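Numbering of ligands and ligand atoms starts at 1, following listing order. The shown structure was predicted, so the numbers you read here are calculated from the model rather than taken from an experiment.
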Amino acid sequence: MTTEQATMAVRMIIGGRQVEAAGGRTFDVVEPHRGTTIARVPEGSPEDVDRAVAAAQAAFDAGWATMTAPDRARLMLRLAAVVRDHQEELSQLESRNIGKPISGARWEIGRVADVLEFYAGATTKLHGETIPTTRPGFDFTLREPVGVVGLIVPWNFPLYLASWKIGPALAAGNTIVLKPASYSPLTAVRFGELALEAGLPAGVINVVTGPGATVGAAIAAHHGIGKVGFTGETATGQEIMRAAAGNIKKVSLELGGKSPNIVFADADIERFAAESPYSVFDNCGQDCCARSRIIVHRSVHERVVRLFAEATERIKVGDPSDDATEVGPLVSFRQRQRVVDYIDSGKAQGAALVVGGVPSTDPALAEGAYLLPAVFDGATTDMRIVREEIFGPVVAVIPFDTDAEAVAIANASPYGLSGSVWTRDIARAIRVSKALQTGVISVNCNNSVHIEAPFGGYKSSGLGRDLGLDALREYTEVKNVYVDLREAE
Ligand code: NAD
């Protein structure tokens, strides 16, 4: 990839080579801060997916899968080190590509290296079991790689989310066809180049750029791919499941969310209000874990809304390249319009807009897809802003009277990804955490993601788990071997 020019020339990575799309087509990538084209990227097709799968299968057969675990771990550690060496370059690329504040981009790229290091360590701890069976033989299991895996990722945390799948996939000995979102292909392609620099064999990581409807769909349906790891919208996940049925592909799906932030009367309200605006407005609300519903006890409702709105107004919205910026623009003007439509629907359905919800008045931000974080009070469970994932900087506040009602409101959603419980009563915190139908819960904080712990959704928020040692299960087959121990005649 040439990153110096005004419009970067990008090529895909297939079989260790930088290549154009088989059909020779390209598409433009636009930066949301100014709306200008920053890169021209190959528009791949099913033919490119075929090429990538063949390259990945060749790398699998050539020894990636049978390489000793310590050797594979060493290569993964080298890749992590190369990512760290290029942290600033990758962060600038990510920030510019999707308008992510540079401070957040730096944090994410550092975590990409952390994820690779975690799974490099796991490589040598992946083992089977011996099992006492009724028959008097010897029974043991082997954990084997699936083969070629397809990884399809979204644009909100582009390389970071890709690493959640790349790490366990590589550790278990799989080879990869990675498809980044069309909004955000730049760091994935650069990562593919860096993997080669780090010494990963050609074909172990292939990166195919192009539309979800063609390239993504071809990956989901491909009979040469044994597993798809996907992060994105619930509707896309459903399509992927259907497409994967053709060869009974394994699937893991990290999908949408509408996470609750439940505030009890005995909570540290000041701390909740100071920290929680970031739990929904970080990344301009384009976060699957965004705690977009505040469910608050009626006795502290007014105070919570006032403090939360004041803290929201203090958030620094601005140019993503500024170190002080906390929230940048939305990823595109199309996405901003979608969010504005939700804000209009909230007003039309009777919720009260307390702050934000309008474009910034700062003339320096006039050309970008900016929208000031919006807080709605007086929301009810029948409103679209409460029921649907907005994927933008909008939060809705809903009061409750009893613990049971708080849980019922929180669970009245097709989603179940994340959420927080704020209370000083430890028994209540655990009782409510157990009652919530959601994959990840935080008590008195908003931290959903820990590299070492499983992450994933209940209900329509997903299938399977990323991160932690659980993710290794998603990228392995378990083989059971039974040995008859009778002496040979
Ligand atoms: P998306 O579903 O539109 O796209 C995700 C990826 O799928 C992209 O690479 C896209 O090109 C591809 N794709 C689109 N149609 C496809 C098809 N028919 N077949 C195969 N691939 C296809 O999602 P998005 O807009 O990029 O991301 C936002 C969504 O992702 C939100 O719903 C958000 O909640 C979700 N998300 C979930 C998590 C999680 O861990 N649960 C994390 C981040 C984002």
Side-chain angles (χ1 to χ4, degrees), residues 27 29 41 43-44 46 49 97-98 100 108 150-165 177-189 207-222 225 228-246 249 251-259 280 282-292 330-332 334-335 338-339 388-392 413-419 438-440 448-450 454-468 471 474:
F27 65 96
V29 171
V41 177
E43 186 182 318
V49 174
N97 188 167
I98 55 161
K100 186 183 285 288
E108 284 171 35
L151 309 181
I152 305 175
V153 293
W155 46 262
N156 57 342
F157 299 95
L159 192 57
Y160 184 36
L161 289 182
S163 75
W164 293 12
K165 304 174 193 309
V177 177
L178 170 66
K179 193 203 95 61
S182 296
Y183 278 138
S184 59
L186 303 184
T187 48
V189 173
V207 184
V208 181
T209 50
T214 50
V215 172
I219 290 172
H222 206 289
I225 292 179
V228 168
F230 171 76
T231 298
E233 282 185 31
T234 296
T236 316
Q238 290 169 323
E239 278 187 49
I240 286 175
M241 266 184 116
R242 277 190 283 270
K249 216 180 253 88
V251 286
S252 52
L253 306 170
E254 298 290 352
L255 307 175
K258 191 74 191 175
S259 297
V280 55
D282 248 0
N283 215 39
C284 209
Q286 303 161 128
D287 182 347
C288 54
C289 291
R291 285 151 175 77
S292 51
L330 285 141
V331 71
S332 66
R334 192 163 142 238
Q335 184 70 4
R338 194 171 165 257
V339 178
E388 297 175 23
E389 182 182 46
I390 298 176
F391 225 55
S413 168
Y415 296 111
L417 186 57
S418 185
T438 180
V440 183
S448 299
V449 173
H450 310 273
F455 176 88
Y458 278 31
K459 302 194 279 187
S460 295
S461 285
L463 185 67
R465 291 293 178 269
D466 277 342
L467 297 178
E474 310 284 340

Any side-chain to backbone donor/acceptor pair from [X] onto [Y]? Under 3.5 Å, distance only.
X: Lys179; Y: Gly150; value: no
X: Asp466; Y: Gly456; value: no
X: Ser252; Y: Leu463; value: no
X: Ser461; Y: Gly256; value: yes
X: Glu389; Y: Cys288; value: no
X: Lys249; Y: Ile240; value: no
X: Glu474; Y: Gly229; value: no
X: Asn283; Y: Asn156; value: yes
X: Gln335; Y: Phe391; value: yes
X: Ser460; Y: Tyr415; value: no

Please work out, at 4.0 Å between heavy atoms, whether the side chain, the backbone, both, or neither of [X] comes within that distance of ligand 1.
X: Asp466; result: neither
X: Phe157; result: neither
X: Tyr183; result: neither

[X] heavy atoms, cut-off 4.0 Å: which ligand 1 atoms fall inside?
X: Leu161; result: 42 (C), 43 (C)
X: Pro180; result: 9 (O)
X: Glu254; result: 37 (C), 38 (C), 39 (C), 40 (O), 41 (N)
X: Asn156; result: 43 (C), 44 (C)
X: Thr231; result: 5 (C), 36 (N), 37 (C), 38 (C), 39 (C), 40 (O), 42 (C), 43 (C), 44 (C)
X: Ala181; result: 8 (C), 9 (O)
X: Ala217; result: 19 (N), 20 (C)

Hey, are the side chains of [X] and [Y] touching, using non-hydrogen atoms and a 4.5 Å cut-off?
X: Glu108; Y: Leu159; answer: no
X: Cys289; Y: Leu417; answer: yes
X: Trp164; Y: Thr231; answer: no

Among all protein heavy atoms in this structure, tell me which lies nearest to [atom], with the distance rounded to 0.1 Å.
atom: atom 11 (O) of ligand 1; result: Lys179 NZ, 2.9 Å
atom: atom 24 (P) of ligand 1; result: Trp155 NE1, 3.3 Å
atom: atom 39 (C) of ligand 1; result: Cys288 SG, 3.2 Å
atom: atom 27 (O) of ligand 1; result: Pro154 CB, 3.3 Å
atom: atom 18 (N) of ligand 1; result: Glu239 OE1, 3.0 Å
atom: atom 34 (O) of ligand 1; result: Glu389 OE2, 2.5 Å
atom: atom 12 (C) of ligand 1; result: Ile152 CG2, 3.6 Å
atom: atom 8 (C) of ligand 1; result: Val153 O, 3.3 Å

Next item on the list: Name all residues meeting the salt bridge (charged side-chain N to carboxylate O under 4.0 Å, His left out) criterion together with Glu233; count only those two or more places apart in sequence or in a different chain, and write none if there are none.
Entry: none

Of the listed options ([options]), which comes nearest to [atom] when hydrogens are ignored and any heavy atom counts?
atom: atom 20 (C) of ligand 1; options: Gly257, Gly216, Ala221, Gly456; answer: Gly216
atom: atom 16 (C) of ligand 1; options: Val440, Thr236, Leu467; answer: Thr236
atom: atom 14 (C) of ligand 1; options: Pro158, Ser259, Gly212; answer: Gly212

Note to self: Evaluate Pro211 for polar contact with ligand 1, using N/O atom pairs at a separation under 3.5 Å.
What the structure shows: no

Margin query: I'd like to check whether Glu233 has a polar contact with ligand 1, where a contact means an N/O of the residue lying under 3.5 Å from an N/O of the ligand.
Written below: yes

Next item on the list: May I ask whether atom 4 (O) of ligand 1 is less than 4.0 Å from at least one protein heavy atom?
Entry: no

